[in-house]
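The figures here come from the full heavy-atom set of this structure, side chains too, leaving out hydrogens, waters and symmetry mates. Order of the sequence lines sets the chain letters (A, B, ...), proteins ahead of strands, with each chain counted from 1.
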There are 2 protein chains.
Amino acid sequence: MKNEGHEYRCTVEATVAVAGGKWKPLIIYYLLSGTKRFGELRKLIGGITQRSLTLQLRELESHGIISREVFAEVPPRVEYSLTELGFTLSPVLNAMKEWGDSYLSWQQDKEQ
Amino acid sequence: MKNEGHEYRCTVEATVAVAGGKWKPLIIYYLLSGTKRFGELRKLIGGITQRSLTLQLRELESHGIISREVFAEVPPRVEYSLTELGFTLSPVLNAMKEWGDSYLSWQQDKEQ
DNA sequence: CTGAATCCAATAAGATACTG
DNA sequence: CAGTATCTTATTGGATTCAG
């Protein structure tokens, strides 16, 4: 999911490069509802390791999707939020959420 | 991007499991405009190897997103098309395409 | 033409321990 | 609390060869 400095044949590739992968859609989705701390995201997502969450957050930050604010407190507090650009991904994530919802109910129907 | 038989905390995960990853969004996007042969998809996508395309197509097929039709001809012809379920992903892919478009023009603006 | 098979390299992810 | 460092494993991708 790298694709740095490579021209896209189809702009879907750009979206995949910036917001694709196993964890980024989930991170962005949760941040749509507001600023979250590192530990909050970790609990919400579940199943992601500290390391992976850190790496994904850094990538999102480097692409200008999220911003990171460090508070000089003890214990430390770091808050992540979507940038203006990040919020423009809202239609993508909402479409993914809705599709997931209907996919699961479609599966339930099939089981019977 | 496996996640078989695992309950999702958030249905975004289901969408990622079925239609996520580096290549699946692109494959689905191209199939939205109609049935394609293996070689056509390969050329359209560009940069994907035979092996990867084969694997991704099999996964999409196993999730019921695409269907595969083999024609008993020489030379052989295999056509891939979206299933009814596959077409329901259209809003997701269109949102991704649109975001990619505006992201690229946003980047162009920044360069000046 | 559309793959399957094999082998190998690169990348991503997970487990664990440790730190400011 | 929010990471970093290190090590190991799993997954993905690429190159090549072969086959119906």
Side-chain angles (χ1 to χ4, degrees), chain A residues 1-6 8-9 13 16-28 30-31 34-63 66-81, chain B residues 1-6 8-9 12-13 16-28 30-31 35-63 66-81:
Chain A
M1 218 64 67
K2 274 291 140 52
N3 258 345
E4 321 284 5
H6 141 299
Y8 303 114
R9 294 184 177 225
E13 293 178 59
V16 170
V18 171
K22 184 172 176 180
W23 302 115
K24 292 201 193 85
L26 221 42
I27 295 171
I28 298 167
Y30 285 123
L31 289 180
T35 298
K36 300 278 182 297
R37 297 181 59 169
F38 184 89
E40 283 184 284
L41 282 172
R42 192 149 140 64
K43 279 180 201 160
L44 282 168
I45 295 171
I48 192 173
T49 59
Q50 278 186 331
R51 174 186 153 82
S52 294
L53 181 53
T54 300
L55 291 174
Q56 301 303 309
L57 288 169
R58 294 287 181 280
E59 282 187 40
L60 287 169
E61 192 186 4
S62 78
H63 282 110
I66 66 175
S67 63
R68 177 174 184 265
E69 191 175 6
V70 183
F71 295 85
E73 302 174 357
V74 177
R77 179 162 57 110
V78 181
E79 291 188 345
Y80 293 91
S81 55
Chain B
M1 218 64 68
K2 275 292 141 54
N3 259 344
E4 322 284 3
H6 142 301
Y8 304 114
R9 295 184 175 225
V12 168
E13 292 177 59
V16 170
V18 172
K22 186 173 177 181
W23 302 115
K24 291 200 192 86
L26 223 41
I27 295 171
I28 300 166
Y30 285 124
L31 290 180
T35 297
K36 300 277 181 297
R37 298 181 57 168
F38 184 87
E40 283 184 283
L41 282 172
R42 191 150 141 65
K43 279 180 199 160
L44 281 169
I45 294 170
I48 193 173
T49 60
Q50 278 187 333
R51 173 185 156 80
S52 295
L53 181 54
T54 300
L55 291 174
Q56 299 305 308
L57 288 169
R58 293 289 179 277
E59 282 186 40
L60 286 168
E61 192 185 5
S62 76
H63 282 110
I66 66 174
S67 63
R68 177 172 184 267
E69 191 175 5
V70 182
F71 295 85
E73 304 175 356
V74 177
R77 178 161 58 110
V78 181
E79 291 188 346
Y80 294 92
S81 55

For this session: State which residues pass side-chain hydrogen bond (donor to acceptor under 3.5 Å, both in side chains) with B:Ser67; sequence neighbours excluded, sorted by chain then number.
Result: B:Ser81
Seminar exercise, completed: Quick note, A:Pro75 side chain, CB onward, closest among D:dT4, D:dC1, C:dA4 is D:dC1
For this session: Can you check each nucleotide of nucleotides 14-20 of chain C against protein heavy atoms at under 4.0 Å and return B for base, S for sugar-phosphate only, - for none, in 5' to 3' order?
Result: BB-B--B
Exercise. Between C:dC1 atom C1' and B:Phe71 atom CZ, what is the distance in whole Å?
Worked result: 14 Å
For this session: Indicate, with a heavy-atom threshold strictly under 4.0 Å, whether A:Gln56 touches base, sugar-phosphate, or nothing.
Result: sugar-phosphate
For this session: Establish, with yes or no, whether the OP1 or OP2 oxygen of D:dG3 is under 4.0 angstrom from a side-chain nitrogen or oxygen of A:Tyr80.
Result: yes
Problem set entry | For A:Thr35, side-chain hydrogen bond (donor to acceptor under 3.5 Å, both in side chains) partners two or more places apart | none
Can you list, pair by pair, the side-chain donor-acceptor contacts under 3.5 Å of residues 37-44 of chain B, counting residues two or more places apart and other chains?
unit_1: B:Glu40; atom_1: OE1; unit_2: B:Arg37; atom_2: N; d: 2.7
unit_1: B:Arg42; atom_1: NH1; unit_2: B:Ile48; atom_2: O; d: 2.9

Problem set entry | Spacing of B:Arg68 atom CZ relative to C:dT2 atom P, expressed in whole Å | 11 Å
For this session: Would you work out how much the helix from C:dC1-D:dG20 to C:dG20-D:dC1 bends between its ends, with each end axis defined by five base pairs, to 10 degrees?
Result: 50°
Problem set entry | Results of side-chain contact (heavy atoms from CB on, under 4.5 Å) for B:Arg58 - residues two or more places apart only | B:Thr54, B:Glu61, B:Arg68, B:Tyr80
Problem set entry | A:Lys24 (side chain) donor-acceptor with A:Lys22 (main chain) under 3.5 angstrom | no
Problem set entry | Partner set under side-chain contact (heavy atoms from CB on, under 4.5 Å) for B:Glu73, not counting sequence neighbours | B:Phe71, B:Arg77
For this session: Kindly state which residues belonging to residues 38-46 of chain B come within less than 4.0 angstrom of DNA chain C, counting heavy atoms of the residue only, listed by number.
Result: B:Phe38, B:Gly39
For this session: Mind checking side-chain contact (heavy atoms from CB on, under 4.5 Å) for B:Ser62 and listing every partner two or more places apart, or none if nothing turns up?
Result: none
